[in-house]
There are 2 protein chains.
Amino acid sequence: MSNKTIEDIENRIASLLKRSDLSVTESRRKILHLFLEQPGALAHGDIERKAGEKFDRVTVYRTLQAFVDKGIIHTIPTADNSIRYALCKDDCSAGHHHDHHVHFVCSICNNTYCLDDVVTPEIKLPKGYHAEQVEVVVEGVCKNCKGRE
Amino acid sequence: MSNKTIEDIENRIASLLKRSDLSVTESRRKILHLFLEQPGALAHGDIERKAGEKFDRVTVYRTLQAFVDKGIIHTIPTADNSIRYALCKDDCSAGHHHDHHVHFVCSICNNTYCLDDVVTPEIKLPKGYHAEQVEVVVEGVCKNCKGRE
DNA sequence: GTAAAAAGGCAACATAGTTGCAAAATATTC
DNA sequence: GAATATTTTGCAACTATGTTGCCTTTTTAC
Ligand SMILES: [Mn+2]
Ligand SMILES: [Mn+2]
Ligand SMILES: [Zn+2]
Ligand SMILES: [Zn+2]
C-alpha cells in the first residue's frame, strides 16, 4: 500500500520532468521530491544538505536553474539576501512565470511561505515609471510560531 | 564660491557622523559623500569601485554596516540577490528604521531608486500570520530610460 | 600633547556561484 | 535490447562575496 504511494509520487515526478522537456535523472527526481514533500520554500543550502551530500554543488545549481527556466519552481527574494525556491502552483511554463502572490518569511522559524491566495497589490508609481513586476515580501510571525514566541 | 559649497557638504557630512556617534574618518566621509552626490542606491561593488580602490574591502563592509546600524542608510533587497544601499531620508535612527516606501529597480539601466512618496500598502494576510515588515520592490522601466529602450 | 578608544589594513578563512571539459547517465534509433 | 547520439554530471579551477582576529594607525577625550 505504502509502496503504491511512493510509486505514485515517483510517477508524478517523472511525468512533470518529461512534460518540461527535462530528462529524468536521479538528482532532478531527488530535488523535486524535496520540494513536493514539504510546504515551505527551500534555500540552496537546505537542498544541498537534505539531498544528503549525494550530489555535487554544481549539479544543484544547475538543477535549480533548469527548474526555474522551465517554470517548475520560482525564486523568492528575501531581505537577508538569500534566495529561496518554491514550487510554482500550476500556470507557470517555460519562459513565463505567473506568480503574483505575496511571500512570507517568519522571523522566528525562518521558514518562507508562498501565500498563494494573497495577490500582489497594484502599486501607483510616480509619473514616468513603468512597472513590469511587483515583488512583495512580508516579514513577521507565522501561523505555527504564533503563541510560542 | 565653489569651495564654499564643498566645505558645506563636508561640514554636513561631519555633523551627520557626529550626530550618529561615529568618529569622523576618511573612509566614512568618502562613502557618505558618494551617497549624497547621487540620487539612486549603491551596491557594495559600486562603492568599492567609486571609492577608487582607496579603501580595503573590509573597511567598506564595516562602514556600510555601521551606517545601517546607525540609521544613516537602509538596505534594499532585489530579485537578483544583490543588496543595494540608500540614504535614509530623515526619521531613521540607531536601531530603528522607518523606511516604509517602495523601491524600484530599472530593468534597463539597472539603477535602484527609493520612491520615498510611495508608501508600502497594507497586506491582508491569512489568519494566523502576523506582519512586522513589508518590503515591496517593483521592477520595470525608470523615468530616464523610458523612450530610449 | 598624551592616553584611551575606535577604526583601518592585512591575512586568512568561509561561503556562494560560474565555467570548461571529460566521464557517466539518459534518450533515441534501429 | 544493443549501439549511438544527446544530456547531464562531477571535478577542478576560478571569481566574487562576506567574515574574523590581530596588530597598526587614526581619532577622540582630557
Ligand atoms: Mn511563491
Ligand atoms: Mn529606500
Ligand atoms: Zn515561523
Ligand atoms: Zn533606468
Side-chain angles (χ1 to χ4, degrees), chain A residues 10-11 13-34 41-70 72-73 75-85 94 110 112, chain B residues 10-11 13-34 41-70 72-73 75-85 94 110 112:
Chain A
E10 288 303 321
N11 285 340
I13 287 173
S15 73
L16 177 51
L17 288 174
K18 276 179 188 146
R19 200 188 326 146
S20 304
D21 282 312
L22 291 173
S23 30
V24 182
T25 68
E26 206 192 332
S27 42
R28 285 175 182 165
R29 275 193 289 115
K30 176 67 183 175
I31 291 176
L32 203 40
H33 208 117
L34 290 178
L42 294 170
H44 178 98
D46 299 330
I47 293 163
E48 259 188 83
R49 255 168 278 120
K50 293 200 181 188
E53 315 193 0
K54 225 172 155 304
F55 308 108
D56 194 85
R57 276 172 357 98
V58 180
T59 301
V60 177
Y61 280 113
R62 290 197 270 226
T63 301
L64 290 173
Q65 191 55 57
F67 286 1
V68 170
D69 289 345
K70 295 297 186 176
I72 297 174
I73 61 177
T75 59
I76 305 171
T78 60
D80 71 329
N81 220 28
S82 73
I83 293 185
R84 311 289 175 94
Y85 300 86
N110 208 31
T112 303
Chain B
E10 287 303 321
N11 286 339
I13 286 173
S15 72
L16 177 52
L17 288 173
K18 277 180 187 145
R19 201 188 326 146
S20 305
D21 283 312
L22 290 172
S23 29
V24 181
T25 67
E26 206 193 333
S27 42
R28 285 177 183 165
R29 274 192 289 115
K30 176 68 182 173
I31 291 175
L32 203 40
H33 209 117
L34 291 179
L42 293 170
H44 178 98
D46 298 330
I47 294 162
E48 259 189 82
R49 255 169 275 120
K50 293 200 182 186
E53 315 194 1
K54 226 172 155 301
F55 307 109
D56 194 86
R57 275 172 358 99
V58 179
T59 301
V60 177
Y61 280 112
R62 290 198 270 226
T63 302
L64 290 173
Q65 191 54 56
F67 286 0
V68 170
D69 290 345
K70 296 296 187 179
I72 297 173
I73 60 176
T75 58
I76 305 171
T78 60
D80 70 330
N81 221 28
S82 73
I83 293 185
R84 311 289 174 95
Y85 300 86
N110 208 32
T112 302

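Numbered from 1 within each chain, the chains take letters A, B, ... in sequence-line order.
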- prompt: Which residue, Leu64(A), Thr112(A), Ile31(A), Leu34(A), forms the side chain to side chain contact (heavy atoms under 4.5 Å, CB included) with Leu42(A)?
  reply: Leu34(A)
Quick one: does [X]'s side chain get under 4.5 Å of [Y]'s, heavy atoms only?
X	Y	value
Leu32(B)	Phe67(B)	yes
His33(B)	Glu10(B)	yes
Val60(A)	Arg57(A)	no

- request: Determine which pairs satisfy salt bridge (Lys or Arg N to Asp or Glu O under 4.0 Å) with at least one residue from residues 19-28 of chain B, sequence neighbours left out, and list them in order.
  value: Glu26(B)-Lys54(B)
What's the shortest heavy-atom distance between [X] and [Y], and which atoms?
X	Y	result
Lys30(B)	Ala51(B)	CE-CA, 4.1 Å
Thr78(A)	Pro77(B)	O-CB, 3.8 Å
Ser27(B)	Thr59(B)	OG-CG2, 3.7 Å
Asp46(B)	Ala41(B)	OD2-O, 4.5 Å

query: Quick one: how far along DNA chain C does chain A reach, first to last nucleotide 5' to 3', anything under 4.0 Å to a heavy atom?
result: dA16(C) to dA27(C)
- prompt: Which residues pass the side chain to side chain donor-acceptor pair (under 3.5 Å) test with Thr63(B), sequence neighbours left out?
  reply: none
message: So for the helix from dG1(C)-dC30(D) to dC30(C)-dG1(D), with five pairs setting each end axis, what is the inter-axis angle to 10°?
response: 40°
- request: On DNA chain D, check which nucleotide each of Gly45(B) and Val58(A) is closest to and give me the residue with the more 5' one.
  value: Val58(A)
- request: Going 5' to 3' through nucleotides 22-30 of chain D, assign each nucleotide B (protein heavy atom under 4.0 Å from a base atom), S (under 4.0 Å only from sugar-phosphate atoms) or - (no protein heavy atom that close).
  value: -----SS--
Just how far, in rounded Å, is [atom2] of [N] from [atom1] of [X]?
X	N	atom1	atom2	value
Ile83(B)	dA16(D)	CD1	P	19 Å
Gln65(A)	dT7(D)	CD	C1'	17 Å
Asp21(A)	dT6(D)	CG	P	16 Å
His44(B)	dA16(D)	NE2	C1'	10 Å
Phe67(A)	dT8(D)	CZ	P	11 Å

Nearest-nucleotide comparison on DNA chain C, the residue closer to the 5′ end among Arg57(B) and Arg28(B): Arg28(B)
message: Please enumerate all residues that pass side chain to side chain contact (heavy atoms under 4.5 Å, CB included) together with Thr75(A), with sequence neighbours excluded.
response: Val68(A), Ile83(A), Tyr85(A)
